[in-house]
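Structure record follows, encoded as structure tokens.
In this text, all values refer to a predicted model and were calculated from it rather than measured experimentally. The analysis underlying the following values was restricted to heavy atoms, covering all of them including side chains, and did not include hydrogens, waters or symmetry mates.
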Amino acid sequence: MALFGGRMLLHRLKIIITFIVIAGFFSHEACAITLDEAIKRALEVSFIIKEQQEIVKKTDYSYISTIDPYLPQADIYSSYIRSINGKRSVSYLSGSSASGTSGSRDAYTFNGSISYLLFDGGERYARRKGAFFSTQREKERLQGVKTDVLYFVKAAFYTVLGNKSIVEKRKEAYDVAERVLALTKGRYEAGVAKKSEVLQSEVRMTTAKIEYMDAQREYEKTLAEFKSLLLYDPEDKQDVDGSLLEPTYKGDYRQLTERAINVRPDVIAQKNEVERLNMVYREKTSAWFPRINAQLEQSRQDDRFFPEGRQETFSINLSWPLFDGVGRYYNMLGASSDIASAKYRLEEIKRTVDVEIIRALKDYELGVQNVTLYGELVREATSNFDQAFGEYKVGKGDILALLQSERDLAKAKENLVGALSRANTTLASLERVAYMSGE
């Protein structure tokens, strides 16, 4: 019975251990942040995106408010007048031309009117179109902000991923240094190696350990910055999940530039700004035209609180400022200069797009080239280390040559990881300036 109970206990322990391992695996996977998840969260929580979204809402509200001049306007007006010098006629107290048969110290008036603007020289149309282009401009700026956030997230992700890989490579270098030290001690104990060779191996192992710890700290620092970008607590256990692969995009400078000039948010936003300023100029020119307004009004005046006497009038009013100084003329000139300035700004943005794309494309091509070269260097350094290690193991090699080949291999691996990280980052930069992620 005791033997049977022991077997049951052992079986239960195996189940519990298996459950803990599986739970730990899934919890690790749940805490890993992939690039797609990071992008999704950044677009949801980014403060600069939310800020620009509020600006878009403001311009939307401003555009809606410009419908008012197209709608009729209704007003009411009421007044009470008391004479101090004695009784007067209601018409006299209220300012009306109607004749009163009796006098009173009190006069009550009530006016109601409905008016509609028939013609204003195009001012209301220009204001509404200007508000529309202002809204479109801010929406394009929102797309530009989102593009910037995408780039920041990708650059931070690849930096963290690169530092994580460097930690792994330096751990490998530390393990190799331990192997070399163990081999050197074995040869020293066998009497075929010098004490100085053991000391040199120990120095190399300690140096590899320091470099490994430095890489860990650098990785933790960049990981905390990445989490801050996603509004995660730096003390949380999330880690990045992904592979540093060589990018394979093949871009054409002319096609990228032509496309970017037509779709990049900052270019389209500036085009909308030019159109908005055209509407401002049109609004300024409307001051030279007459304004025509139709009005239906009912007026009441009496010496009682609820006046009974009433009068209905319908009028069409025309006002035309023939001379009010020189402001109208110079306002038009100022608006015209704003348009010219915005057009020059648009051309400068296009020129900048051209420069940014050629620079980003060259950086990307250099990054891909470095990945290829450092890949070849890793293969050569691996062969060199294997050869040096084998020669030293059989007593034909030199410890200095072995240690140098080990350092060269470790450095080559780090450079390859750095090249992969930079290549992916430069591709993200190219996607940003060429707006390759836009619809």
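Judged by distance alone, the side chain of S341 and the main-chain N or O of S337 form no donor-acceptor pair under 3.5 Å. The closest donor-acceptor contact from the side chain of T135 to the backbone of T59 lies under 3.5 Å. E138 places no side-chain N or O within donor-acceptor distance of the main-chain N or O of Q52, the cut-off being under 3.5 Å.
Using a cutoff of 4.0 Å between basic side-chain nitrogens and carboxylate oxygens, D363 and R359 are not scored as salt-bridged. Between D148 and R432 a salt bridge is recorded (basic side-chain N to carboxylate O distance below 4.0 Å). Between E218 and K221, at least one side-chain N (NZ, or NE/NH1/NH2) sits under 4.0 Å from a carboxylate O, which counts as a salt bridge. In summary, R291 and E123 engage in a salt bridge, as defined by a charged side-chain N under 4.0 Å from a carboxylate O. A salt bridge links R351 with E348: the distance from a Lys NZ or Arg NE/NH1/NH2 to an Asp or Glu carboxylate oxygen falls below 4.0 Å. Between E44 and R41 there is no salt bridge, since none of the side-chain N atoms of the basic residue sits less than 4.0 Å from a carboxylate O of the acidic one.
Listed by chain and residue number, Q216 satisfy the side-chain hydrogen bond (donor to acceptor under 3.5 Å, both in side chains) test with Y212 (two or more places apart in sequence, or in another chain). Here E414 pairs with R170 under the salt bridge (Lys or Arg N to Asp or Glu O under 4.0 Å) rule; sequence neighbours left out.
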Practice prompt. Step by step, work out the side-chain contact (heavy atoms from CB on, under 4.5 Å) result for L420 and L245.
Written response: CA-CA 7 Å; L420 286 169; L245 303 176; over 6 Å; no
Worksheet item: Stepwise, does the side chain to side chain donor-acceptor pair (under 3.5 Å) test hold for Q404 with D408?
Response: CA-CA 6 Å; Q404 184 61 45; D408 291 341; 2.9 Å; yes
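Within the cation-pi definition used here (under 6.0 Å to the ring centroid, within 45° of the axis), R282 does not qualify as a partner of Y125. With Y63 as the aromatic partner, R128 meets the cation-pi criteria of under 6.0 angstrom to the ring centre and within 45 degrees of the ring axis.
No more than 12 heavy-atom neighbours from other residues, nucleotides or ligands sit within 6.0 angstrom of OH on Y329. Under a cut-off of 6.0 angstrom, the local environment of CZ in F47 is sparse, with at most 12 non-hydrogen atoms contributed by other residues, nucleotides or ligands. Applying the 6.0 Å contact sphere to CD of E312 captures more than 12 heavy atoms from other residues, nucleotides or ligands.
Of the residues E140, E356, Q270, the one that meets the side chain to side chain donor-acceptor pair (under 3.5 Å) test with R264 is E356.
At a cut-off of 3.5 Å, with distance as the only test, no side-chain donor of N293 or Q295 sits close to an acceptor on the other residue. Checking D239 against Y219 by side-chain atom types alone, a donor-acceptor pair falls below 3.5 Å.
Side chains of Y253 and D354 form a contact here, defined as non-hydrogen atoms less than 4.5 Å apart.
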